[in-house]
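Worksheet for the structure shown next.
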Amino acid sequence: MKGLLFDIRHYAVHDGPGIRTTVFLKGCPLACSWCHNPESQLPATESMIINRRVGEVLHETSETVGYYSTPLEVVHEIEKSRLFFDESGGGGTFSGGEPMMQPEFMDEVLTLCKDRELHTAVDTCGYVSVETLRTIAAHTDLFLFDLKVMDLAKHIEYTGVSNHLILNNLELLVAMKKKIWLRMPVIPGVNDTPEEVAAFTELLSGLYPSVDRLFLLPYHAAAKSKYKRLGLETDKYTFSQPDTESLNTLKNTYGKIGFKVRIGG
Ligand code: SF4
């Protein structure tokens, strides 16, 4: 059995506790308009244009995004940083894309991690079947659970799917007493409006204190060039970067519920 990945990064410090190795799996059931990793969305290998400067001349070539690895190969790669994990309380994080879009691979790789006493975190958009979630949760120490938009119509408009399954799965993980850190991209005009903030406040109040950590991830346009290089549409929406004042306002609002809120990953 092999999984389709597009990257493995060592020494990550924003993907869970301690120093981590983050494995990026390819394929996502959502297509968020602000996605920073558009190369993660397609569940297949694809070509991306690469510009390389040689002297004064810019050369345009293409490279393949995505490669296949066995669970054991991935675990061996994670284990290379075991010394750093032991000292920092880190481990392996699975991100993407949506890792649980490859459930058999994830089940195997997480089982191998737990056999080796490696801490495991799964970064998820929450849009997975209940059956898959239950299977994966059995070997996962921490979920980094993404919340994007509360309004149903807006969620469908900006991500392509309903948020019903996502919110139900979040409730399920809470009921299973899984450890969860919430992550929320901050997209001005989309999920920082008074209506959205009121709806998020109600949701978070219901989750607290079972869940008490929230990371606000400010939108930035750094990935725009990747869309062009993948041949994807870029001009459907234009988002701006949130300013410090509005980020601090959100931090204070959600902090008042009792959440430990951090701006950034
Ligand atoms: S869920 Fe994450 S990886 Fe998937 S499209 Fe949205 S931002 Fe991108």
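In each ligand, atom 1 is the first atom listed, and ligand 1 is the first ligand listed. Note that the structure is predicted; figures quoted are calculated from it, not measured.
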Next item on the list: Name the option, out of Cys32, Gly96, Pro185, that contains the heavy atom nearest to atom 5 (S) of ligand 1.
Entry: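 Minimum heavy-atom distance to atom 5 (S) of ligand 1 goes to Cys32.
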Notebook entry, point to check: Short question: side chain of Lys178, backbone of Ala137 - any donor-acceptor pair under 3.5 Å?
Noted result: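 A pair under 3.5 Å: yes.
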Next item on the list: Identify the protein heavy atom lying closest to atom 2 (Fe) of ligand 1, giving its residue, its atom name and the separation to 0.1 Å.
Entry: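 Going by distance alone, atom 2 (Fe) of ligand 1 is nearest to Lys148 NZ, 4.1 Å.
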Check: Considering only the protein, which heavy-atom contact is closest to atom 4 (Fe) of ligand 1, and what is its distance?
Finding: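 Nearest neighbour among protein heavy atoms for atom 4 (Fe) of ligand 1, to 0.1 Å: Cys28 SG, 2.3 Å.
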Note to self: Taking N, O or S atoms only and a limit of 2.8 Å, check whether Cys35 reaches atom 8 (Fe) of ligand 1.
What the structure shows: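 Yes.
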Check: Cut-off 3.5 Å, side chains only: do Asp15 and Thr22 have a donor facing an acceptor?
Finding: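 There is such a pair between these side chains.
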Below 4.0 angstrom from a heavy atom of [X], which ligand 1 atoms are there? Numbered from 1 as shown, please.
| X | answer |
| --- | --- |
| Cys125 | 1 (S) |
| Gly97 | 3 (S) |
| Ser40 | 3 (S) |

Do [Y] and [X] have ring centroids that are under 6.0 Å from one another?
| X | Y | value |
| --- | --- | --- |
| Tyr158 | Tyr237 | yes |
| Tyr67 | Phe6 | no |
| Phe215 | Trp181 | yes |

Item checked: ligand 1-proximal atoms of Gln41, by part, heavy-atom distance under 4.0 Å ->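 Side chain only.
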Check: Charged N to carboxylate O below 4.0 Å: is that the case for Asp212 and Lys260?
Finding: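 A salt bridge links Asp212 with Lys260.
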Check: Is the NZ or CZ atom of Arg9 positioned over Phe24's six-membered ring, under 6.0 angstrom from the centre and within 45° of the axis?
Finding: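 Arg9 over Phe24 ring: yes.
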Check: Does ligand 1 have an atom that lies less than 4.0 angstrom from a heavy atom of Asn37?
Finding: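 Judged by the 4.0 Å heavy-atom criterion, Asn37 does not count as contacting ligand 1.
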